[in-house]
Amino acid sequence: MSSKAAVAIVVIGFEDSDMAEASKAFKKSGLPGAVVLDVDRSAFGSFQVKAYPTAHVFDRTHQEIAVSRGYGPHFVFRVHLAARYGAGQIDQQQYEKLLAGGTENRLDPELVKLHRKAGLARKLALGGKPDQGLALLEQALADAPDVAPDAMVFELAIRLNLLNAQQARASELLAAFKVHFPDSPALPFMECRTALGAGDLERASAAIKGKRARLEPEAVLLRGLILEAQERCQEAADLYREELEKQALTAE
């Protein structure tokens, strides 16, 4: 569940003590999402929860695609499978086949190894060492010339190159990303960031036109960066402040 797989988890509980531990574990996991306390069971009553746990899985358009009730032997499997479907990692036909007990082709071991290296590269970048993260990922790509990177690896490589001001390499990767993953939800943001790095503010703005901050918070950051590049720093500060205030209001 990468931060950029368009998947988030909301954990809802009803006991203060339980949720304190859940919140601590969730924060440590690094997964995107939130832990929510609903003491009187009112906020989520419309979901008609009748068994615990209950997991509702939604896709990127906020459409419910699966619900699993009661912790049985297949609960985790069903939820994980639905999350992959909602994130676009498998299509509906694959989802239904696997849900019915079908088998799935195993990932290429070399691709699995590349994923592990990408995960380490992301951790280095999150730890304030984007240069080391980039070096690790680029070396991993060089060591696996016959492995076709998937959307997640492509996206991370673009981001890390941009963080390290490697504009030419980022543009090269973006061109390949557009060919192989033209429907990726991350593509507009990669387009915007690459255009920003090149100083093409018009193309950067066009790339994220119509993106709604509520659904895709990265759009707020990018609009602010565009304003900063236009030397409209007060407007950028106001935009950031407004978004942070919204987050503060919805934090509890």
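Side-chain contact between Lys117 and Gln139: absent, with no pair of heavy atoms (C-beta onward) separated by less than 4.5 Å.
Between the side chains of Tyr240 and Glu245, no donor-acceptor pair of N or O atoms lies under 3.5 Å. If you check the side chains of His180 and Asp150, you find no donor sitting under 3.5 Å from an acceptor.
One hydrophobic cluster, built from ILVMFWY side chains closer than 4.5 Å, holds both Ile208 and Leu196. Leu187 and Leu156 are assigned to two separate hydrophobic clusters, defined by single-linkage of ILVMFWY side chains at heavy-atom distances under 4.5 Å. Under the 4.5 Å side-chain heavy-atom criterion for grouping Ile, Leu, Val, Met, Phe, Trp and Tyr, Met190 is connected to Leu173 within one hydrophobic cluster. In the hydrophobic clustering of ILVMFWY residues, with side-chain heavy atoms under 4.5 Å counting as a link, Leu174 and Val153 come out apart. There is no path of hydrophobic side-chain contacts, each under 4.5 Å, that joins Leu160 to Leu120.
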TODO: Begin with the C-alpha distance, continue with both residues' side-chain angles, and end with the deciding distance and a verdict on salt bridge (charged side-chain N to carboxylate O under 4.0 Å, His left out) for Glu218 and Arg159.
DONE: CA-CA 13 Å; Glu218 187 174 4; Arg159 288 181 181 277; 2.9 Å; yes

Task: Step-by-step side-chain hydrogen bond (donor to acceptor under 3.5 Å, both in side chains) determination, Glu138 to Asn161 - done: CA-CA 9 Å; Glu138 289 287 10; Asn161 272 283; 3.1 Å; yes

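Annotation: ring-ring contact (aromatic ring centres under 6.0 Å, His included) contacts of Phe189 (sequence neighbours excluded): none.
Using the six-membered ring where Trp is involved, Tyr95 and Tyr85 have ring planes that are parallel, under 30° apart on the 30 and 60° scheme.
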